[in-house]
Amino acid sequence: KNIVILISGRGSNMQAIVEAQLPGARIAAVIANRPDAAGLAWAAERGIATAALDHKAFASREDFDAALAAQIDAFAPDLVVLAGFMRILTPGFTQHYAGRMFNIHPSLLPAFPGLHTHQRALDAGCRLAGATVHFVTAELDHGPIVAQGVVAVADDDTADSLAAKVLRVEHQIYPQAVRWFVEGRLTLAGQRVRVDGGSA
Ligand code: GRF
């Protein structure tokens with residue numbers, strides 16, 4: 001199965017997926033919306049095709065998304081993985097990849113969609129925090145949930161220390177979610193995702 005991974009920065013989640021060397025998964029390309037994304041060099045060093053589309057070079061969000069989709073489709077992906085990709089996507093773009101695009105969000109959705117999730121969890125006095133891999137739909141951070149990972153919040157946690165704990169969990173659940181997709185074990189039923197064969 002061909003996988004295209006989209007990043008905006010360091011791409012640590014992309015790196016975790018590449019390093020998992022998932023059987024049956026071929027990382028066809030890593031694409032960034034910023035030419036200086038550090039993850040591009042990391043991927044290129046490993047012989048993975050890379051591309052950068054500077055969103056500032058496009059007149060509208062629609063123009064950027066159309067160019068991005070053309071670049072992605074050149075690699076004929078079975079799955080598109082948003083990994084630290086900090087762009088809001090148009091409904092047309094999300095519809096084009098319906099059922100075959102993942103995102104990872106650093107909270108236990110549906111709690112804390114949007115930004116600054118760790119500070120918000122701390123401010124709310126949460127005892128648990130975590131990350132969620134979900135199918136991408138037109139509604140930001142609200143697609144069907146594929147995988148979640150949880151961490152305990154310590155009394156002395158800050159947004160930074162909590163982010164670091166959650167990031168480690170992200171690097172576990174994202175490769176697992178991609179493996180389930182590649183193995184054809186995910187069934188979408190409305191808002192719910194069933195993982196056939198247990199969640200091993
Ligand atoms: C992570 O916290 C992820 O949850 C969010 O972007 C952050 C950076 O991810 N989507 P990465 O290191 O670029 O993969």
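Hydrogens, waters and symmetry mates play no part in the numbers below; they use all other heavy atoms, side chains included. Counting starts at 1 for both ligands and their atoms, in listed order.
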Can you list the ligand 1 atoms lying under 4.0 Å from a non-hydrogen atom of [X]?
{"X": "P106", "answer": "4 (O)"}
{"X": "I104", "answer": "10 (N)"}
{"X": "S12", "answer": "11 (P), 12 (O), 13 (O), 14 (O)"}

Any ion pair linking D160 and K165 (charged N to carboxylate O, less than 4.0 Å)?
->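 So K165 does not pair with D160 through a salt bridge.
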Does ligand 1 have any atom sitting under 4.0 Å from a heavy atom of A131?
->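 Flag not set, A131 not near ligand 1.
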Set of ring pair (Phe, Tyr, Trp, His ring centres under 6.0 Å) partners for F93, sequence neighbours left out =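 F93 satisfies ring pair (Phe, Tyr, Trp, His ring centres under 6.0 Å) with Y97 once adjacent residues are dropped.
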Partners passing ring pair (Phe, Tyr, Trp, His ring centres under 6.0 Å) against F75 (at least two apart in sequence or in another chain) =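 Checked F75 against ring pair (Phe, Tyr, Trp, His ring centres under 6.0 Å); zero matches.
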Atom pair CD1 (I17) and CD1 (I3), whose distance is rounded to the nearest 0.5 Å =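 Answer for the CD1-CD1 pair, I17 versus I3, is 7.5 Å.
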Using distance alone, decide if ligand 1 has a nitrogen or oxygen within less than 3.5 Å of any nitrogen or oxygen in E170.
->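 Such a contact does occur with ligand 1.
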Does an N or O anywhere in F85 fall below 3.5 Å from an N or O of ligand 1?
->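 N/O-N/O distance under 3.5 Å: no.
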Protein residue, atom and distance nearest to atom 8 (C) of ligand 1, heavy-atom basis |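 Sorting protein heavy atoms by distance from atom 8 (C) of ligand 1 puts R10 NH2, 3.2 Å first.
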For atom 13 (O) of ligand 1, what is the nearest protein heavy atom, given as residue, atom name and distance?
->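 Answer, as residue, atom name and distance: G11 N, 3.2 Å.
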Out of D54, T90, L53, L89, which residue meets the side-chain contact (heavy atoms from CB on, under 4.5 Å) rule with F64?
->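 Looking at D54, T90, L53, L89, the match for F64 under the side-chain contact (heavy atoms from CB on, under 4.5 Å) is L53.
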Result of checking I173, L167, I5 against N13 for side-chain contact (heavy atoms from CB on, under 4.5 Å) =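 Single side-chain contact (heavy atoms from CB on, under 4.5 Å) partner of N13 among I173, L167, I5: L167.
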Where the closest heavy atom to atom 5 (C) of ligand 1 is concerned, which of A37, A16, G84, S8 has it?
->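 Heavy atom nearest to atom 5 (C) of ligand 1 belongs to G84.
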Which of these, F135, F85, W180, sits in a ring pair (Phe, Tyr, Trp, His ring centres under 6.0 Å) with F102?
->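 So, applying the ring pair (Phe, Tyr, Trp, His ring centres under 6.0 Å) to F102 and each of F135, F85, W180, only F135 qualifies.
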